[in-house]
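Following: one structure in structure tokens, then a few remarks.
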Protein chains: 2
Amino acid sequence: MESWDLIVIGAGVAGLAAGIYGARSGLKTLVLDEKMAGGTMADAPLVENYPGFQKISGIELAQKMIAHCKSIGVAIHEFEKVLSLDLKGEKKQVKTDKAAYESKAVIIASGSHYREIGVPGEKEFRGKGVSYCGICDGPLFKEKRVLVIGGGNSALITALYIAELASEVKIAHRRDMFRAEEALVRALEAKKNVEVLWNTEVREIKGEKLVNKVVVFDRKTGESKELPIDGVFVQVGEAPNSQQAKEASVEVDEDGYIKIDVRQRTNIMGVFAAGDVTSHPVKQIGTAVGQGITAALEAYGFIKRPYYYKQ
Amino acid sequence: MESWDLIVIGAGVAGLAAGIYGARSGLKTLVLDEKMAGGTMADAPLVENYPGFQKISGIELAQKMIAHCKSIGVAIHEFEKVLSLDLKGEKKQVKTDKAAYESKAVIIASGSHYREIGVPGEKEFRGKGVSYCGICDGPLFKEKRVLVIGGGNSALITALYIAELASEVKIAHRRDMFRAEEALVRALEAKKNVEVLWNTEVREIKGEKLVNKVVVFDRKTGESKELPIDGVFVQVGEAPNSQQAKEASVEVDEDGYIKIDVRQRTNIMGVFAAGDVTSHPVKQIGTAVGQGITAALEAYGFIKRPYYYKQ
């Protein structure tokens, strides 16, 4: 069994920041990700709010952090899926689909996944016109009619990105106001090929081989109608990737987010959590960075017990 | 009296990150600083641990964040000193040496100042061989003999920086181990002109017009001796710039750091704190960024009360 000082589960923003601080603190650090490193950050077409960069693509920012980790000796294992965790003992056990590891501390930075809206056709047409990632699939809809579902930052960023490609973009939002930065709202208002459908729920996604229409319901008038649509981007929030942590007795809140204190500690000694998987109310690149750093320094303190460490 | 949505006190990392998020959220945002914008970040010769940059000087990173703020309409007033705060009412009152302002919310990001060691000669020779900032004053000591006092990250970063300029560098540390990243300790060990004086207290700084010697005390042997030294860099930690906040009834801990919850809220409604002035255990650029962002988004929620805001 391979031994590490610190295992970080998840190579998104929080995990990469934790990796940088783990390695710089002299900890033998392994970062695992079941997908490619970069996390949901890498899905962002454009990041305009990470201090240090006025504009950068998510993938470019991710690559910078990955290169930073590698330059200081962090091991990053991509496409390696964690199967189970045993966190109670002094040595933490991490079993993946490729190996079994033990470590002195674990940071859970496994992020979140896109929430589904749960309507007929959504699962059936996933990858056939239904997508959860604008930058991944946007280019498939050049000169087509696209519907974005949601009203938060990620819905607006997706709509803005796709408006450059598609012939027309509609945004269906359940409410009568967005939950997004005003800068994004203003940018959206300036787009001529974007229309907002307020108070609107999508009730069904229809098609043959590919999506060709959606059924929308107007919450004010109570009326339903069909809209001809080629692509649907669902951006209605996230749910935490905390199932394995929960099975290993890490405490989560009612929505499944891992409970942390101000030092990123969970209820289990030597187990920390950072980023979108936690109950912290803000989910931004800059806040995930701060949490990953704090978690790594706390893990260092927990492992090395320097004179200034307070339990 | 000028009215703002949000006033941020301090234009260091946390204040600038708060500025970016305040303005992007559509808040009319003013950032005040009694010195130049950039805070203590700007004093760092080299930053190697802010995710996104493998190596960048503190001043360059500060300039990027300042430019980001300005590009989106944040007002930054430099060299404007806050004289008093009145934070209890719905409108927060901020009086400076140049004007009087009111705002709907305030973020205190006033940072910290360098702690003194409190020995004879320290005040007398400040600016005459005694310094608290390597990057500011290091170049004055080319080919000279320099003593750095302290054992944390900032002491080691200062020593590493000055070792490139000075002929010899000694580090006096009260303890027998550093409280610094291992990457820094290793870098220091590789320097041929650096010597560490373990278990050593500086008891007095002497000179004529300029510093020419220091009295050091060996805590193990109990012996004192004089060392010929041209420059002393004191790097023994920080103390919070929280006096005005405290006078305005913002709650602080026993060391004077502003008490915050996980949402960066203080004990006063509409008053938030972020960065080195807070009781958060980690004081890093990346953590200050996260806190500034959280404070600004919480201030936005407090002011605008969008449907998703929870008290």
Side-chain angles (χ1 to χ4, degrees), chain A residues 13 16-17 19-21 23-27 48-56 61 64-65 67-69 71-72 152 175-186 260-264 279-282 284-294 297-298 300-301 304 306-308 310, chain B residues 13 16-17 19-21 23-27 48-56 61 64-65 67-69 71-72 152 175-186 260-264 279-282 284-294 297-298 300-301 304 306-308 310:
Chain A
V13 186
L16 294 171
I20 292 168
Y21 269 74
R24 284 189 61 85
S25 300
L27 300 178
E48 293 184 307
N49 57 11
Y50 182 59
F53 299 92
Q54 286 191 38
K55 282 181 202 298
I56 188 168
L61 184 54
K64 284 180 188 288
M65 295 187 192
H68 199 163
C69 277
S71 76
I72 52 176
R175 298 186 173 264
D176 60 3
M177 70 173 285
F178 288 125
R179 177 183 182 158
E181 290 182 347
E182 200 173 299
L184 295 170
V185 176
R186 282 197 300 262
I260 42 148
D261 67 7
V262 73
R263 292 164 64 181
Q264 307 298 135
S279 57
H280 192 279
V282 179
Q284 295 288 304
I285 292 174
T287 53
V289 158
Q291 290 180 45
I293 290 171
T294 299
L297 292 178
E298 286 291 333
Y300 170 81
K304 299 282 186 177
Y307 67 87
Y308 54 84
K310 284 181 193 138
Chain B
V13 186
L16 294 170
I20 292 168
Y21 269 73
R24 285 188 62 85
S25 298
L27 300 179
E48 293 184 307
N49 56 13
Y50 182 59
F53 299 92
Q54 285 191 38
K55 283 182 203 298
I56 188 168
L61 185 53
K64 284 179 187 291
M65 295 187 192
H68 199 163
C69 277
S71 76
I72 53 176
R175 297 184 174 266
D176 60 2
M177 70 173 286
F178 288 124
R179 178 183 181 160
E181 290 182 347
E182 199 172 300
L184 294 171
V185 177
R186 282 196 300 262
I260 42 146
D261 68 6
V262 74
R263 292 164 64 180
Q264 307 300 134
S279 58
H280 192 277
V282 179
Q284 296 287 303
I285 292 174
T287 54
V289 158
Q291 290 181 45
I293 290 171
T294 300
L297 292 178
E298 287 290 334
Y300 170 80
K304 299 281 187 178
Y307 66 86
Y308 53 82
K310 284 182 193 135

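Below, read A as the first sequence line, B as the second, and so on, with proteins coming before strands; counting in each chain starts at 1.
- When heavy atoms are compared at a cutoff of 4.5 Å, B:A288 does not approach chain A at all.
- Within the 3.5 Å criterion, the main-chain N or O of B:G52 finds no donor-acceptor partner in the side chain of A:H68.
- Contact check for B:I293 versus A:P51: side-chain heavy atoms found under the 4.5 Å cut-off.
- Residue B:V282 comes nearest to A:L297 through the heavy atom pair CG1-CD1, 3.6 Å, listed as atom of the first residue, atom of the second, then distance.
- Ranked by non-hydrogen atom pairs under 4.5 Å with chain A, the options B:A17, B:G292, B:S25 are led by B:S25.
- Taking the six-membered ring for Trp and the full ring otherwise, B:F53 and A:Y50 have centroids separated by 6.0 Å or more.
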Inset, instruction - Could you walk me through whether B:T294 and A:Q284 pass side chain to side chain contact (heavy atoms under 4.5 Å, CB included), step by step? - result: CA-CA 9 Å; B:T294 300; A:Q284 295 288 304; over 6 Å; no
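- With chain A as the partner, the residue from B:R186, B:Q291, B:Q54 showing the most heavy-atom pairs under 4.5 Å is B:Q54.
- Note: A:R175 leads A:E298, A:R175, A:R263, A:M65 in heavy-atom pairs under 4.5 Å with chain B.
- The candidate from B:K55, B:E182, B:R24 with the greatest count of non-hydrogen atom pairs under 4.5 Å with chain A is B:R24.
- Heavy-atom pairs under 4.5 Å with chain B peak, among A:E48, A:M177, A:K64, A:H280, at A:E48.
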